[in-house]
Amino acid sequence: QVQPVESGGGLVQAGDSLRLSCTVSSGTFSSYAMGWFRRFPGREPEPIGGISSSGDSTLYWDSEKGRFAISRDNAKNTGYLQVSSLKPWDTAVYLCAISHRTYATISTSDFDSWGQGTQVTVSS
């Protein structure tokens, strides 16, 4: 069972940048695509983007292009989400998920294992 764990969230100021991590402690991380989502209060998770199992391709939800960058280091069993120019409305719980696919995907139904999430709060 591949179980992802997110880290790196916290309280930041508008305009700051942040890098979130997603670490998998078991399973073959390099065999699976990975995705990042965020959940606003009272809503279902919304996609940010995904990365292929090898890391050679990424796919972003249109509205998130430019400020978000997804990468991964398979040797460290860790994926990353770099967020720049944070806005107060970016405040949410950020989740990573592991997919049985190998290609980059942002379809929620493609993801089998979800982390608990890490809270990001952006103050104005």
Side-chain angles (χ1 to χ4, degrees):
Q1 181 72 18
V2 179
Q3 183 61 49
V5 178
E6 304 90 342
S7 61
L11 176 63
V12 297
Q13 293 190 334
D16 285 351
S17 297
L18 197 64
R19 188 176 80 161
L20 306 180
S21 299
C22 174
T23 301
V24 172
S25 58
S26 63
T28 308
F29 180 65
S30 60
S31 298
Y32 307 105
M34 187 192 76
W36 283 95
F37 298 78
R38 58 184 179 178
R39 185 175 63 228
F40 299 102
R43 295 170 63 174
E44 294 295 313
E46 299 178 359
I48 295 172
I51 187 167
S52 63
S53 59
S54 65
D56 61 358
S57 66
T58 52
L59 178 66
Y60 294 94
W61 187 247
D62 278 348
S63 66
E64 308 306 341
K65 285 183 180 178
R67 293 198 300 122
F68 293 80
I70 296 173
S71 61
R72 65 190 294 163
D73 184 339
N74 285 343
K76 295 182 178 179
N77 282 2
T78 301
Y80 304 98
L81 173 67
Q82 180 76 36
V83 189
S84 60
S85 301
L86 280 156
K87 318 292 185 185
W89 51 87
D90 289 321
T91 295
V93 175
Y94 285 70
L95 308 103
C96 71
I98 303 298
S99 171
H100 55 276
R101 309 289 187 192
T102 57
Y103 54 82
T105 177
I106 57 173
S107 175
T108 305
S109 62
D110 283 341
F111 292 89
D112 312 292
S113 299
W114 293 76
Q116 294 295 310
T118 184
Q119 175 72 45
V120 173
T121 302
V122 185
S123 64
S124 57

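The first residue in the sequence is number 1, and the count goes up from there.
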Test side chain to side chain contact (heavy atoms under 4.5 Å, CB included) applied to S25 and Q3, step by step:
CA-CA 7 Å; S25 58; Q3 183 61 49; 5.7 Å; no
Test side chain to side chain contact (heavy atoms under 4.5 Å, CB included) on E6 and V93 and set out the steps.
CA-CA 10 Å; E6 304 90 342; V93 175; over 6 Å; no
Please lay out, stage by stage, how M34 and V24 fare under the test side chain to side chain contact (heavy atoms under 4.5 Å, CB included).
CA-CA 11 Å; M34 187 192 76; V24 172; over 6 Å; no
Begin from the C-alpha positions of L20 and V120 and carry the test side chain to side chain contact (heavy atoms under 4.5 Å, CB included) through to its verdict.
CA-CA 9 Å; L20 306 180; V120 173; 4.1 Å; yes
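Of all the heavy atoms in I98 and F29, the pair that sits closest is CD1-CE1, 4.0 Å. Nearest heavy-atom pair, S109 versus H100, reported as atom, atom and distance to 0.1 Å: O-CE1, 4.4 Å. Pairing each heavy atom of S124 with each of P88, the nearest pair is CB-CG, 3.9 Å. Residues S17 and S84 share a closest heavy-atom pair of OG-CA, 3.5 Å. The nearest pair of heavy atoms linking D56 to S54 is OD1-OG, 2.8 Å. Closest approach of R67 and S85 over heavy atoms only: NH1-O, 3.1 Å.
Placement of Y60 and L95 in two distinct hydrophobic clusters is found when ILVMFWY residues are connected by side-chain heavy-atom separations under 4.5 Å, directly or transitively. When hydrophobic clusters are built by joining Ile, Leu, Val, Met, Phe, Trp and Tyr residues whose side-chain heavy atoms come closer than 4.5 Å, directly or via intermediates, Y80 is not grouped with I106. Put simply, F111 and Y94 are part of two different groups of oily side chains (I, L, V, M, F, W, Y) that touch within less than 4.5 Å, one to the next. When the side chains of ILVMFWY residues are joined at heavy-atom separations under 4.5 Å, either directly or via intervening members, F37 and I51 end up in two distinct hydrophobic clusters.
A donor atom on one side chain and an acceptor atom on the other are not found under 3.5 Å apart for T23 and S21.
Within the model, atoms CG of D112 and CZ of R101 stand 9.0 Å from one another, a figure rounded to the nearest 0.5 Å. Rounding to the nearest 0.5 angstrom, the gap separating the CD atom in Q119 from the CG atom in L11 is 9.5 Å. Between the CG atom in D90 and the CG atom in D16 there is a gap of 11.5 Å [rounded to 0.5 Å]. Considering SG of C22 and CG of N77, their distance stands at 10.0 Å, rounded to 0.5 Å. Rounded to the nearest 0.5 Å, atoms CZ (R39) and CD (E44) are 8.5 Å apart.
Proximity of a side-chain donor or acceptor of S123 to a complementary backbone N or O of V12 within less than 3.5 Å is detected. For S52 (side chain) and S57 (main-chain N/O), a donor-acceptor pair under 3.5 Å exists by modelled atom type. Side-chain atoms of N74 come within 3.5 Å of backbone atoms of S53 as a donor-acceptor pair (strictly under, hydrogens ignored). Panel note: side chain T58, backbone I70; no donor-acceptor pair is recorded below 3.5 Å. A distance-only check finds no donor-acceptor pair linking the side chain of Q116 to the backbone of P4 [under 3.5 Å].
Not less than 6.0 angstrom separates the ring centroid of F68 from the ring centroid of W36.
In this structure, the side chains of L86 and Q13 stay at 4.5 Å or more apart for every pair of heavy atoms.
Under the salt bridge (charged side-chain N to carboxylate O under 4.0 Å, His left out) criterion, R72 pairs with no residue, sequence neighbours left out.
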